[in-house]
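Reading through the structure tokens given below for one structure.
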Amino acid sequence: MLKLPVYLDNNATTPCDPRVLEAMLPFFTAHFGNAASRSHAYGWAAEEAVKTAREQVAALIGAVPEEIVFTSGATEADNLALKGVVEMYAAKGRHIITCETEHKAVLDTCRHLEKQGVAVTYLKAGHDGLIDLSALEAAITDQTILVSVMYANNETGVIQPVRAISDIARKHGVLMMTDAAQALGKIPVDVQRDGIDLMAVSAHKLYGPKGVGALYVRRKNPRVKVTAQMDGGGHERGMRSGTLNVPAIVGFGKACELARQEMTAEAARLTILRDKLEKGLLELEETSVNGATAPRLPHVTNISFKYAGGEGLMTGFSRDLAVSSGSACTSASMEPSHVLTGMGIPDDLAHSSLRFALGRFTTEEEIDFAIRTVRESVNNLREMSPLGGF
């Protein structure tokens, strides 16, 4: 039997996989020790659990465990990377390059750095959501220390040419950072193959718990250093002080292990369901997929419904269907998505766009329901719209 509301907002957050929860539970009770307590068995057990999780996260991205710095999530990891690099490499230069369609965790941090005198270049995205590689190379100066471009966009699922970006950065002796919160566990991400120097990730985007993430910091070729943004007991090799959230870290590790084992089959299944959803909704006239011509994550689609305002759309089915009109971080705003407008999509069409993000527990029955529900809502809105009589 179909359970309502149907959840198709897995880019905002995913439900915790029961196998992840099972792995976490003992560390709330029986194994409650502090991982920094080196003088007794409770601390040793916690430290060993963190060590295992660090290995599991590293294995998913082709890193070594010592390159994983645990944080409270990708937002903190983005802050640590951007601010930490700016402080550490201030003598080399004070210019960074990013993209207009980045997550607010990167954009707002860049705005903060600008107030401190750091020069930031915001690259435009094309109508397909991809950055122009020639524009990236042209933006690099002798003051540039970092290029930060997200791996896959949280609203459209568009995958950037990360390897090509890192090649350009490396050619000019510039560090390359990526926010891979949406890509991790969905598609193969390998920091060696992709030439990534710093990478922010989060557990709750791949069926782990909220409140835990990590920053990958390359150890060699080149060795990357960041200035800590939180001072205290010198945890995480001095890069991020604070008592480690052992249960959440254990859950993060387990989620990464499961993703490594199941990602290929899961991506194939979700691609079929995503394509079915798109096909069913594109049968409506004046409907288009944003970023359709670019490589995209297998589980995400962002669709514009002309003459049907997104807020009205979601009001029509919010009790039965959970989707989004943009990033969860900015969903309270009435402004059109900065990602869509950054791709050159007009405000009225950006306001009429919905993001559907399928997940591990999405069924074909739920997709059929979503198609029927959205089609009905779009048709109703268009009948009421003075512009809808096309």
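These numbers were taken from a predicted model, which means no experiment stands behind them.
Comment: R360 engages D17 in a salt bridge, judged by a side-chain N to carboxylate O separation of less than 4.0 angstrom. Comment: R237 does not engage E66 in a salt bridge, judged by the lack of any side-chain N to carboxylate O separation of less than 4.0 angstrom. Salt-bridge check for E155 with R355: failed, with every basic side-chain N at 4.0 Å or more from each acidic carboxylate O. At a threshold of 4.0 Å, the pair D194-R163 does not count as salt-bridged, since none of the basic side-chain nitrogens sits closer than that to a carboxylate oxygen. Using a 4.0 Å cut-off between charged nitrogen and carboxylate oxygen, D197 and R170 count as a salt-bridge pair. Using a 4.0 Å cut-off between charged nitrogen and carboxylate oxygen, K51 and E47 do not count as a salt-bridge pair.
No cation-pi contact links R375 to F369, judged by a cut-off of 6.0 Å to the six-membered ring centre and 45° from its axis.
Hydrophobic cluster membership is shared by I371 and V289, with clusters built from Ile, Leu, Val, Met, Phe, Trp and Tyr side chains linked at under 4.5 angstrom. Residues I131 and I196 share a single hydrophobic cluster, defined by chaining ILVMFWY side chains whose heavy atoms lie under 4.5 Å apart. Taken together through direct or relayed side-chain contacts under 4.5 Å among Ile, Leu, Val, Met, Phe, Trp and Tyr, I165 and L146 form parts of separate hydrophobic clusters.
Side chain to side chain, N153 and H103 fail the donor-acceptor criterion of an N or O pair below 3.5 Å. Using a 3.5 Å distance cut-off with no hydrogens or angles, the side chains of T243 and H235 do not pair a donor with an acceptor. For the residue pair E137 and H172, a side-chain donor N or O sits within less than 3.5 Å of a side-chain acceptor on the partner. In this structure, a donor-acceptor pair under 3.5 Å is absent between the side chains of E76 and Q229.
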*Could you walk me through whether V226 and M239 pass the side chain to side chain contact (heavy atoms under 4.5 Å, CB included) test, one step at a time?*
CA-CA 7 Å; V226 295; M239 283 184 270; 3.6 Å; yes
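The shortest side-chain heavy-atom distance between L321 and S318 does not fall under the 4.5 Å cut-off. Using a 4.5 Å cut-off on side-chain heavy atoms (C-beta onward), L130 and V158 make contact.
Shown here is E364, whose CD atom has no more than 12 heavy atoms of other residues, nucleotides or ligands within 6.0 Å. For E114, the CD atom is densely surrounded, since the number of other residues' heavy atoms within 6.0 Å is greater than 12.
Ring centers of F27 and F32: at least 6.0 Å apart, outside the cut-off.
The side chain to side chain contact (heavy atoms under 4.5 Å, CB included) test with I145 is passed by exactly one of L175, V174, V85: V85. The salt bridge (Lys or Arg N to Asp or Glu O under 4.0 Å) test with R54 is passed by exactly one of E257, E67, E236: E236.
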